[in-house]
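The first residue of the sequence shown is numbered 1, and numbering continues consecutively from there.
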Amino acid sequence: MNTISMITVTTGLLVQSGPGGVPDSFKETFNFLQGNGVYEEGMMHFLKELKSTIWTHYDAFIADAQALCAIFMLIFFAIKSYEMISGDKRLEIMPLLRPFGLSMVILWWPVFTRVVAFPAEIVENRTSALFEGSQQDINALRLQRAKLMTEVADALFKVQAETEVAAREADSWYEHAWESVKSSVKEGFSQVWNPVVEMRNRLQIGLQLLATSLLETLAVWILRISVYVIFTVQIIFSTILIILGPFSVAISILPAFRDSFSTWIARFISVNLYSGIGFLVMYVASLFQHYALEAEISRYTELLGSAGPDIEKLGWFASNGVLSFGMVIITFIIGALTMFTVPSISTWIVSTSGVSSAASAMGSGAGTMGSMASKAIGG
C-alpha cells in the first residue's frame, strides 16, 4: 500500500509540472525508488576504490617468497653445477642469469604488477569513457519514459472514471429519475461522483503500476547483480594473483616449474581485462537499451496523443495487466546474460584455462548454495 501511495504522489507531482521537462521532484522520487541510473554510481565507485585499496596489500608474502627464491636459486645452481661437473652439459651464461632476473621481479613486485596491468588499464579507461557517455542519454530516457508512464496511468484514471459515470447515466433508472433535475444539479453530481470513481480506479491502475515497477526493478537488479559479480570476481582473482604471485615467480626458478611464471602473467592479464571487456559489453548493452527506451517512449507518446489520449489504444494497453511494453525489461535481462560471457571473452584474447575454470566453479558453487537455500526455505 505504501508503494501505491508513492506512485500516486509521483503522479500528482507529474501532473503539477505540466507537459514540460521532468521536474526535480519526480527525478528525486524515481531515483529513490530505482537508483540514480541503470547502474548505481555509488556501487561502481565503491568497486573501483575497493580494487585500489586491496591492491595495496601486495607485500603480504613478499618476504616468504624472497626466502623461497634464495633456496630455489641454491638448488638451481647446484643442479647446473653438477651437470657441468659431470660433463652432461657445457657452461651456459644466460640460463644462469634467469634466477637473478626472477629475483629482481620479486624485489620490484609492485612496479612489475603495475607494468603488466597497464595495457588492461588503458582498455578499461577507454571503454569506461564510452560507457559513461552513453549512460547520460540512457538515464535521461529512463526519466522521460517514467514520466510518460505516469501520464498514461493518469489518463487511464480519468478515462475509466468517465466511462463508469457514463455507464451509470445510461442506466434506465438514471435516465428517468434525472429527467426532472436541472443540468446544474447533474453537473454538481458529476463533479462529486467522478473523483470518487477515479479514486477507486486509481487503486486498480496503481496495482498495475506496482506490478510494472516490480518487474522492472527485478530486471534492473538482475543486470546490476551480474555487473557487480563480474567486477567483484575480478577484484578477488586479481588480489589473489598479486598477493600469491611471488610464489609463482620463486618456484619458476626450478626447471620442473619453469612455466609457472608465464602462466601467472597470462592469468593476471586475462583477469585485468575483465573490467575493460565488462565496460565494453555494458556499452553495447546500452545501445540496445537506448533503442528500447526510444521505442517505448514513442509508443507512450502515441497513446497520449497530441489532441488527447487514444481511448481505444489505452483500453487495449490497460488489458495487458502491466503498464509496460516489455522491451526495456528484455534488454536489461539480455545485458545481464551477456555480462557472464566476460571471462570467456577474456580467454579469447589471452589464452588461459585456469581463470575460466575457476569462474565456472564459482558459478556452480553459487548455484548449489542457491538451490540449498531454496530447499531450506521451502522446508
Side-chain angles (χ1 to χ4, degrees), residues 3 27 29-51 124 127-149 209-237 273-297 300 322-346 359-360 362-364 366-367 369-370 373-374:
T3 306
K27 292 180 180 179
T29 305
F30 184 77
N31 291 335
F32 175 77
L33 292 174
Q34 293 194 7
N36 54 349
V38 178
Y39 313 95
E40 290 188 299
E41 296 178 359
M43 187 63 180
M44 299 300 292
H45 178 72
F46 168 76
L47 291 173
K48 184 177 181 180
E49 294 298 324
L50 179 64
K51 178 180 177 181
E124 178 182 355
T127 53
S128 63
L130 289 174
F131 165 74
E132 291 173 0
S134 65
Q135 285 306 292
Q136 297 178 0
D137 296 335
I138 295 295
N139 294 332
L141 290 174
R142 285 181 72 229
L143 288 171
Q144 185 180 356
R145 174 176 172 271
K147 175 177 178 293
L148 290 173
M149 287 178 66
L209 276 175
L210 176 61
T212 306
S213 178
L214 289 176
L215 287 175
E216 293 189 358
T217 303
L218 180 62
V220 168
W221 272 107
I222 290 175
L223 176 60
R224 290 175 180 173
I225 289 173
S226 65
V227 172
Y228 300 158
V229 165
I230 291 299
F231 281 88
T232 304
V233 167
Q234 185 212 16
I235 293 173
I236 294 173
F237 285 1
L273 285 173
Y274 279 16
S275 55
I277 298 173
F279 280 121
L280 185 59
V281 171
M282 291 158 64
Y283 170 71
V284 175
S286 67
L287 299 179
F288 291 98
Q289 296 166 12
H290 191 279
Y291 167 76
L293 287 168
E294 286 187 339
E296 290 202 3
I297 286 172
Y300 284 122
V322 293
L323 302 182
S324 175
F325 294 99
M327 299 175 64
V328 176
I329 297 175
I330 291 174
T331 56
F332 287 156
I333 296 175
I334 291 175
L337 294 176
T338 53
M339 279 302 299
F340 289 107
T341 63
V342 169
S344 300
I345 297 174
S346 179
S360 62
M362 178 179 290
S364 61
M369 292 179 63
S374 301

Would you give me the side-chain donor-acceptor pairs under 3.5 Å for residues 330-340, sequence neighbours excluded?
{"residue": "Thr331", "atom": "OG1", "partner": "Met327", "partner atom": "O", "Å": "3.4"}
{"residue": "Thr331", "atom": "OG1", "partner": "Val328", "partner atom": "O", "Å": "2.6"}
{"residue": "Thr338", "atom": "OG1", "partner": "Ile334", "partner atom": "O", "Å": "3.1"}
{"residue": "Thr338", "atom": "OG1", "partner": "Gly335", "partner atom": "O", "Å": "2.8"}

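- Val38 approaches Asn139 most closely through the heavy-atom pair N-OD1, 3.5 Å.
- For Arg145 and Glu216, the salt-bridge test passes: some basic side-chain N is under 4.0 Å from an acidic carboxylate O.
- Screening Phe231, Trp221, Phe131 against Tyr39 for a ring pair (Phe, Tyr, Trp, His ring centres under 6.0 Å) leaves a single residue, Phe131.
- For the side-chain contact (heavy atoms from CB on, under 4.5 Å) test, residues two or more places apart in sequence or in another chain that qualify with Leu50 are Phe46, Ile54, Ile235.
- Within the model, atoms CD of Gln135 and CZ of Arg142 stand 9.0 Å from one another, a figure rounded to the nearest 0.5 Å.
- A salt bridge does not link Glu124 with Lys48: none of the charged nitrogens is closer than 4.0 Å to a carboxylate oxygen.
- The two atoms that bring Tyr300 and Leu148 nearest to each other are CB-CB, 3.8 Å, heavy atoms only.
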Evaluation steps, side chain to side chain contact (heavy atoms under 4.5 Å, CB included), between Ile236 and Thr232: CA-CA 6 Å; Ile236 294 173; Thr232 304; 4.0 Å; yes

For a quick test of your reading: what N or O donor-acceptor pairs under 3.5 Å do the side chains of residues 277-291 make, sequence neighbours left out?
{"residue": "Ser286", "atom": "OG", "partner": "Ser134", "partner atom": "OG", "Å": "3.2"}
{"residue": "Ser286", "atom": "OG", "partner": "Tyr283", "partner atom": "O", "Å": "2.4"}

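- Rounded to the nearest 0.5 angstrom, Gln136 CD and Leu141 CG are separated by 12.0 Å.
- With rounding to the nearest 0.5 Å, the separation of CD in Gln144 from CD in Glu294 is 9.0 Å.
- Between the CG atom of Leu273 and the OG1 atom of Thr127 there is a distance of 10.0 Å, given to the nearest 0.5 Å.
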